[in-house]
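Beneath this line is the structure, given in structure tokens, with notes to follow.
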Amino acid sequence: QVQLVESGGQLVQAGGSLRLSCAASGRAFSHYMAGWFRQVPGKEREFVAVIGWNSRSATYADLTKGRFTISRDNTRNMVYLQMNNLEPDDTAVYYCAAGALVQMTSRQEADYWGQGTQVTVSS
């Protein structure tokens, strides 16, 4: 019912900034939680940030809060992740996710996933 396509991932120097975008399709998207996860080869996909359907609340992983900002525009079915002060450890494939539950801070709670966009932070 919901399709997600991420974009914006690229090579960035440490300390730089990057904005990821997620384009969603499906009438129900505006009623879903939307968030971002990331995954490094050999590591489990980890939670980054999530935002409520009406942007009433946002939750961030401990290591990202303060540097990253999640936002959404339901009129355009878009979700964004603004990443500042990037570090080499931020290198990962970033996935947009959507879920019908009121909580989506683990990958098991997500119902839909994008294909991912590669973010590489160089030293």
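Just so we're clear, the structure is a prediction, and the values are computed from it rather than from any experiment.
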Looking at CD of Q1 and OG of S25, how far apart are the two atoms once the value is rounded to the nearest 0.5 Å?
10.0 Å
Any chance you could lay out the side-chain contact (heavy atoms from CB on, under 4.5 Å) test for E6 and L20, step after step, and finish with the verdict?
CA-CA 7 Å; E6 306 93 336; L20 305 182; over 6 Å; no
What pair of heavy atoms forms the shortest contact from Q82 to S17, and how long is it?
NE2-CB, 3.9 Å
List the atom of S30, the atom of R72, and the distance in Å for their closest heavy-atom pair.
CA-NH2, 4.0 Å
Check: N54 main-chain N/O paired with N74 side-chain donor or acceptor under 3.5 Å
no
Using modelled atom types and a 3.5 Å cut-off, is there a donor and acceptor pairing between side-chain atoms of Q115 and backbone atoms of V5?
no
Shortest non-hydrogen pair, Y32 vs A100, comes out as CD2-N, 3.6 Å
Identify the heavy atoms of W36 and V79 that sit nearest to each other, and give their distance.
NE1-CG1, 3.6 Å
Scanning both residues in full, the closest heavy-atom pair of V48 with F68 reads CG1-CD2, 3.7 Å
CG (L63) with more than 12 external heavy atoms under 6.0 Å:
no
Does CD belonging to Q13 count more than 12 external heavy atoms closer than 6.0 Å?
no
Of E44, R45, E46, which meets side chain to side chain donor-acceptor pair (under 3.5 Å) against Q39?
R45
Of all heavy-atom pairs between A24 and L4, which one has the smallest distance, and what is that distance?
CB-CD2, 3.5 Å
Check residues 88-98 and write down every donor-acceptor pair under 3.5 Å in which the side-chain atom is one partner and the other belongs to a residue at least two apart or another chain.
| residue | atom | partner | partner atom | Å |
| --- | --- | --- | --- | --- |
| D90 | OD1 | R38 | NH1 | 2.8 |
| D90 | OD1 | R67 | NH2 | 2.9 |
| D90 | OD2 | R67 | NH1 | 2.7 |
| D90 | OD2 | R67 | NH2 | 3.4 |
| D90 | OD2 | E87 | N | 2.8 |
| T91 | OG1 | P88 | O | 2.9 |
| T91 | OG1 | V121 | N | 2.9 |
| T91 | OG1 | V121 | O | 3.4 |
| Y94 | OH | R38 | NH1 | 3.0 |
| Y94 | OH | D90 | O | 2.7 |

Gap between atom CE of M83 and atom CG of L18 - 0.5 Å precision:
4.5 Å
CD1 of I51 to OH of Y80, rounded to nearest 0.5 Å, is 11.5 Å
Distance (rounded to the nearest 0.5 Å) between L81 CG and T117 OG1
11.0 Å
CG of D111 to CE of M33: how many Å apart, nearest 0.5 Å?
11.5 Å
State plainly whether one hydrophobic cluster holds both V50 and Y112, where clusters connect Ile, Leu, Val, Met, Phe, Trp and Tyr through side-chain heavy atoms under 4.5 angstrom apart.
no
In terms of relative ring orientation, are F37 and F47 parallel, tilted or perpendicular, with 30° and 60° separating the classes?
perpendicular
